[in-house]
Amino acid sequence: MTPEQEIESLSTQLRRWNEAYYQQDAPSVTDAEYDRTLARLRDLESQYPDLRQPDSPTQRVGAAPLDGFSTIEHKLPMLSLDNAFSDDDLIAFNARVEERLGQTNGALRYCCEPKLDGIAVSIIWHRGRLLRAATRGDGYTGEDITLNVKTVPNIPLVLKSGGWPELLEVRGEVYMPRDGFEKLNARARAAGEKTFVNPRNAAAGSLRQLDSRITARRPLALCAYSLGYTEGESPLPEYHSDIMALLGEWGLPISEYARTVTGVDGCIGYYNDMAVRRDGLPFDIDGIVYKIDQLALQQRLGFVSRAPRWAIARKFPAQEESTELIDVDFQVGRTGAITPVARLQPVFVGGVTVSNATLHNADEIDRLGLRLGDQVVVRRAGDVIPQVVSVLIDRRPSDTRAIAFPITCPACGSAVERDEGEAVYRCVGGLVCPAQRKAALRHFVSRKAMDIDGMGDKLIEQLSDLQLITGIADIYQLTADDLMGLERMGEKSVGNLLHAIEASKATTLPRFIYALGIREVGESTARQLAQYFGTLESLMQATPAVLLEVDDVGPVVAEHIHQFFGEVQNISSIDRLRASGVHWPDLTEAVAQDAPLAGQTWVVTGKLEVMGRDEAEATLRALGAKVASSVSGKTHSVVAGPGAGSKLKKAQTLGLEILDEAAFLKLLERLQ
Ligand code: IVH
């Protein structure tokens, strides 16, 4: 390979990994391999500087820390926006604009965009190459954050297509998507480090790092929202919306939610639409920005003090509010984890009234420095559960009290323990603990698990307190007699519930695995496990080493699964459930018809040196084959290693295809 080819191939590889990491959120290499590859590319680039591509992945990873930021003067000031808080405010804004323009027919064209909650940046490309980037600062001078901005994955280092002005300034918001923010905080929490209060603070903190290598590891993104200063010949469109589309063609990330509308009615319609969608968006927005779409009209309207007359921000209800912390309860979950829950003076935040918020764990209480009676900031954004994000120390009353974390389980009195290196305290009571039992039952009947309609929390509470059910398998033993006479249970509701219990017996393997409530096995892991193993039996027999082969499963989860199926009680629950008629379609038959080995039955016998039998069987299943334990006329092929006995003989008698391990591995190579 020539150095040029190697640089090309390393760059392609790194770009693909970056995409998997940042866009698909699915790292496809280890950090070590990534670092080695990057180091090699950096090496080659310093040996052959001429061969360095301007958008090389080496430019994305940050550089050594700066002593401080230098300042950059904005060619055009970076202004702010006036706010509107109601339809009336917006109607008044539109009336002012119409009057100034002498155009009162209600037909002005507005471009409506989500108002992202991040930090404003100005980025300049010179002849299509990213030259400089700055924060807004005081609006006239900002800080030079070029090195940091270059690490943001969706910001093009080189513009696409052509026709850009020689100097192009684009303005936009750098933000942190919600899932990246949640993961960043979860990681910090697990490591006992400080968490960020909200995605905006996290974005600001990440972008203003003197060490851009830190920025590079933060999940940041840009959304461009306007053109800034330009220099040089380049015919530009006459409408803001068309300019945005053009920026999109040049490779800049623009909002997929932006729309043009007519008149103030269109503006209000857009607001209502986005208000409904707000919780489901992948990022925080704090309002809608309305802009007069036609640039000539923008120019005629001009500016007043520091905000344009041609635009306004309509704010959404706040996602953060302050309220009083009245008390802290300690809830015991399905796995014994004890979670402190804040009881709050009810407060309207993020569009709903919130009276409870999670406090995660004991460390979090310490980190926040929280005391009963404190004024706290509560945040509710998207469908994430409300959180207490900070204490307003300045507003601390004189009579606050310390929060005592329980030293025994509040539900059963068992000891409370903390695993080495874990932030969570757990009740060691297991199924002796009524709180854990109830939580396991609630999980088992929940919609994504066995989906037993009508079996609500209140009913589970009564059934377990009366010892009518003590474990999940008891649910299928319930009779009308048991249920009649319980609170709010008449003939009709008893009939409906028994019907729902009966109907839940026909389930699917992924649902059943999920319903078992194995620690850290969520819906998606359950699905992966079902797909990989095909049958519950093979999952139950899997060793941790085999479990690790499954996507989503790391050493900790593998250990939890293995332990779960090692418990006699769990096995007997599963047996009882199946004896009661809980069943699911055979997944091995449902495997995609186009899987390479679909419809074939294989048998593996004897000792396999390279792969091991479990892994061989799992691989066969993943390729669509059914794996049987005995050879019959239905068997398609047999994989036989040393020591194979009667099964091999039978296969020979039947004249079946027999593969030794080497032949089998060769086949797999061809198929995978
Ligand atoms: S236009 C002269 N569009 O909101 C108009 N701003 O409160 C300049 N922002 O500093 C801003 N999303 O950081 C505009 N789609 C959007 C925006 C947006 C967020 C931020 C921006 C600005 C602040 C003003």
Side-chain angles (χ1 to χ4, degrees), residues 74-85 89-90 93 97 110-123 133-143 145 149 152 154-155 169-177 198-204 206-208 220-230 239-245 247-248 252-261 267 270-271 273-274 277-278 281-295 297-316 318-319 381:
H74 300 302
K75 292 258 192 184
L76 299 170
M78 287 182 81
L79 301 161
S80 59
L81 290 169
D82 276 342
N83 291 325
F85 295 97
D89 287 354
L90 199 63
F93 163 78
V97 172
Y110 285 98
C111 184
C112 314
E113 303 167 358
K115 185 170 187 297
L116 276 121
D117 208 4
I119 44 170
V121 294
S122 144
I123 311 175
T135 60
R136 174 171 182 273
D138 63 4
Y140 301 97
T141 37
E143 286 173 322
I145 49 163
V149 160
V152 176
N154 76 345
I155 299 181
E169 183 199 3
V170 172
R171 289 168 178 189
E173 201 85 348
V174 168
Y175 64 97
M176 190 176 284
N198 55 38
R200 188 199 36 208
N201 287 18
S206 302
L207 208 50
R208 292 197 66 262
L220 296 173
L222 172 77
C223 178
Y225 58 63
S226 75
L227 187 67
Y229 175 79
T230 61
Y239 287 87
H240 169 75
S241 51
D242 292 334
I243 291 186
M244 295 314 292
L247 294 185
L252 279 145
I254 52 172
S255 180
E256 59 177 291
Y257 302 94
R259 299 277 179 277
T260 51
V261 301
C267 291
Y270 180 85
Y271 174 89
D273 218 36
M274 289 302 285
R277 298 173 75 176
R278 184 188 189 192
L281 297 177
F283 42 73
D284 275 10
I285 62 175
D286 56 352
I288 302 296
V289 181
Y290 300 103
K291 298 170 183 172
I292 290 286
D293 200 28
Q294 197 177 346
L295 300 185
L297 296 185
Q298 287 189 3
Q299 237 148 38
R300 273 177 55 198
L301 288 162
F303 298 86
V304 59
S305 73
R306 305 196 48 191
R309 282 203 193 88
W310 44 263
I312 196 158
R314 166 84 195 267
K315 297 308 245 340
F316 280 133
Q319 288 175 320

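All residue numbers refer to positions in the sequence shown, counting from 1. Both ligands and their constituent atoms are indexed starting at 1 by order of listing.
Using bins of under 30°, 30° to 60° and over 60° for the plane-to-plane angle, the ring pair Tyr271/Phe316 lands in the tilted bin.
Checking side-chain atoms of Arg136 against main-chain N and O of Ile119 turns up no donor-acceptor pair under 3.5 Å. Using modelled atom types, no side-chain atom of Arg200 and backbone atom of Asp117 make a donor-acceptor pair closer than 3.5 Å. His74 contributes a side-chain N or O that, together with a main-chain N or O of Thr135, makes up a donor-acceptor pair within less than 3.5 Å.
Residue pairs meeting the side-chain hydrogen bond (donor to acceptor under 3.5 Å, both in side chains) criterion with at least one partner in residues 284-293, sequence neighbours excluded, are Arg109-Asp293, Glu113-Lys291, Arg178-Asp284, Ser241-Asp293, Asp284-Arg379.
Within 4.0 Å of ligand 1, the residues that place a heavy atom are Leu81, Glu113, Pro114, Lys115, Leu116, Ala120, Glu173, Tyr225, Val289, Lys291, Pro308, listed by chain and number.
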Task: From CA spacing to verdict: salt bridge (Lys or Arg N to Asp or Glu O under 4.0 Å), Glu143, Arg208 - done: CA-CA 9 Å; Glu143 286 173 322; Arg208 292 197 66 262; 2.7 Å; yes
